[in-house]
Amino acid sequence: MAEGHVKPNGPDLVEGIALTDLPDGGKILGHCRDEQVLLVRRGAEVFAIGATCTHYGGPLADGLVVEDTVRCPWHHACFDLRTGEALRPPAFNPLACWSVEQRDDRIFVGERRKRTAPKQRNGSSGQVPHRIVIVGGGAAGFAAAEKLRREHYQGSIVMLSNDEAPPVDRPNLSKDYLAGKAPEDWIPLRGESFYSRNDIDLRLNANVASIDARSGEVVLADGARTPYDRLLLATGAEPVRLTIPGANLPHVHTLRSFADCRAIIERATTARRAVVLGASFIGLEVSAALRSRDIEVHVVAPEKRPMERVLGPQMGDFIRALHEENGVVFHLEDTASSIDGNKVKLSSGDTLAADFVVAGIGVRPRTGLAEMAGLILDRGVVVNAFLETSAPGIFAAGDIARWPDPHSGENIRVEHWVVAERQGRTAALNMLGHREKFVAVPFFWSQHYDVPINYVGHAAQWDEIEVDGDIIAKDCLLRFKREGRALAVASIFRDIESLGAEVQMERRMT
């Protein structure tokens with residue numbers, strides 16, 4: 001074995017294991033030569049797949065088997081046990097698969113199977129479009145383009161992004177990459193060759209001026225027109241900008257793009273003190289990342305508790321204490337009134353020294369194009385269960401889309417990375433005429449130092465929070481209930497229960 005390699009865990013599956021060692025529904029982590037392999041039994045069938053999630057390397061042995069799939073415990077990616085195909089984002093790459101043979105009540109793993117392209121699905125209704133245009137280079141736009149090609153779509157795909165970088169793994173920008181713990185090559189969702197290899201016409205720095213729905217064309221700022229048969233609006237959201245004096249100073253930053261993150265990192269290399277405005281998920285993840293760079297961090301926010309509106313008072317108190325243990329200083333129930341040089345003046349009259357400022361005071365959906373095109377809006381772009389807008393041939397996905405959520409029974413819009421990716425995938429299928437409803441349960445995760453918080457479902461309002469476990473001990477699951485029904489679940493180090501809650505919500509749609 002080469003130097004530096006870790007010895008594989010578990011039994012040597014080439015030598016075989018007893019069938020009785022693997023009960024129905026069970027999993028065994030072993031190895032095939034120098035590769036970790038997960039054995040999963042479903043009735044009389046046994047599957048051998050790669051043992052780590054292709055998203056962030058989560059251990060699938062700790063995941064959940066649901067019918068003929070396995071789900072990752074970290075970020076709820078889902079894989080087909082038969083083919084290894086990534087069925088649900090945030091994973092896109094498939095797992096490796098091995099042949100399995102049963103002889104004399106023993107199970108033997110053989111050769112690694114040659115990867116085959118996913119089968120083309122049947123059931124498309126209507127004419128397949130020749131030209132698909134995607135406006136937006138974020139999670140939803142990328143997932144749609146990737147899914148179109150995975151579905152063997154042969155037509156034209158034009159992807160118009162006003163960003164200067166190809167689609168990136170945005171959650172990492174406020175987490176490990178900003179903290180200096182992740183290399184830059186982790187950030188692109190795919191290398192540049194992916195787009196040329198899959199004949200995806202990705203146009204960066206492309207500013208769309210309007211949509212001409214009557215002629216079926218997207219009009220760019222330079223006057224160029226790009227025709228479409230189906231159009232996906234995946235324009236995402238943009239940071240809410242400060243309006244106080246000094247907001248436009250060069251050391252005042254927001255964090256949305258790769259360029260934003262690089263600019264903050266450049267500041268952080270010489271800075272000693274930072275002020276973060278906003279105690280949202282982004283604001284606090286930025287705070288944690290900056291603390292890992294030994295920067296003094298002060299957080300200013302109008303709330304009484306961080307993230308109480310989403311996670312409730314007990315979790316809010318825990319999150320505050322966690323950040324304070326790591327050196328963050330909070331100035332809650334306060335706001336910034338002005339920024340002057342290296343000083344931030346607060347409404348309370350206090351003044352904070354800051355070598356730079358990061359404003360994380362929220363985002364707003366970028367609905368301007370949809371509004372100009374005459375689409376129906378309601379605090380976002382209104383879509384039906386198939387993610388179709390009010391205009392024929394135009395779909396919307398991601399942060400701008402307000403859709404009928406079958407779990408809460410409400411029309412909701414959420415700004416979650418995984419939701420945007422899964423909506424992009426569903427929109428791709430429906431642009432091809434497959435008529436698949438978007439029924440995925442909303443999910444997001446947030447990382448604060450060594451503490452991950454997973455959240456499943458959507459609870460805009462609740463009348464009860466049921467706590468199972470101990471929040472302070474970082475071992476808990478919270479159920480957010482309304483009229484006795486759990487609408488959402490938040491958890492810390494309760495991964496299998498978080499996955500189980502997702503499955504329960506899927507099976508209990510309104």
Side-chain angles (χ1 to χ4, degrees), residues 13 19-30 36-55 58-102 107 109 113 115-123 143 147 150-151 385 405-407 418-419 421-423 425-426 428-429 434-443 454 456-457 486 489 491 494-510:
L13 300 176
L19 180 61
T20 54
D21 289 341
L22 185 62
D24 186 12
K27 307 186 292 290
I28 286 182
L29 177 64
Q36 292 284 183
V37 174
L38 184 67
L39 279 185
V40 181
R41 181 175 173 183
R42 288 276 297 156
E45 292 185 282
V46 177
F47 306 98
I49 58 173
T52 57
C53 178
T54 59
H55 174 231
L60 296 180
D62 296 336
L64 186 66
V65 174
V66 182
E67 297 174 347
D68 289 344
T69 70
V70 62
R71 303 191 187 196
C72 176
W74 286 2
H75 306 127
H76 294 208
C78 180
F79 299 90
D80 189 312
L81 291 173
R82 298 179 185 280
T83 65
E85 183 183 0
L87 299 176
R88 295 187 184 183
F92 292 98
N93 289 333
L95 297 170
C97 295
W98 283 261
S99 60
V100 178
E101 185 180 358
Q102 297 183 41
I107 303 168
V109 173
R113 298 205 316 245
R115 193 171 328 277
T116 57
K119 293 182 180 179
Q120 188 168 2
R121 73 179 62 211
N122 299 318
K147 184 62 174 176
R150 208 196 300 187
E151 290 293 317
D405 174 36
H407 310 285
V418 174
V419 171
E421 290 181 319
R422 292 177 179 177
Q423 286 187 343
R425 171 198 172 278
T426 299
L429 292 174
H434 289 293
R435 306 298 291 170
E436 178 176 297
K437 291 183 177 181
F438 181 73
V439 296
V441 178
F443 168 80
N454 282 4
V456 177
V489 167
S491 62
R494 293 282 189 96
D495 292 340
I496 200 73
E497 292 175 64
S498 176
L499 284 168
E502 182 180 57
V503 174
Q504 284 183 339
M505 291 179 191
E506 289 171 357
R507 292 172 176 171
R508 193 200 63 196
M509 287 188 291
T510 59

Minimum side-chain heavy-atom gap Phe79-Ile49 below 4.5 Å
no
What are the two closest heavy atoms between Thr426 and Glu436, and how far apart are they?
CG2-O, 3.3 Å
Between His75 and His55, what is the ring plane arrangement, given parallel below 30°, perpendicular above 60°, and tilted in between?
perpendicular
Salt bridge (charged side-chain N to carboxylate O under 4.0 Å, His left out) filter on Arg115, not counting sequence neighbours, yields none
Would you mind telling me which of Arg88, Arg71, Glu502 makes a side chain to side chain donor-acceptor pair (under 3.5 Å) with His76?
Glu502
Less than 4.5 Å apart, side chain to side chain, heavy atoms only: is that true for Thr54 and Leu95?
yes
Going through the checks in order, is the salt bridge (charged side-chain N to carboxylate O under 4.0 Å, His left out) test met by Arg82 and Asp68?
CA-CA 7 Å; Arg82 298 179 185 280; Asp68 289 344; 3.2 Å; yes
Can you see which heavy atom on Leu499 is nearest to which on Pro73, and at what distance?
CD1-CA, 3.7 Å
Heavy-atom closest pair (Gly30 atom, Gln36 atom, distance to 0.1 Å) is O-NE2, 2.8 Å
Please tell me if the side chains of Gln102 and Glu45 come closer than 4.5 Å, counting only heavy atoms from C-beta onward.
no
Tell me the closest heavy-atom pair linking His407 and Glu506, and the distance in Å.
CE1-CA, 4.1 Å
Pair Met505, Val456 - check side chain to side chain contact (heavy atoms under 4.5 Å, CB included), show working.
CA-CA 9 Å; Met505 291 179 191; Val456 177; 3.8 Å; yes
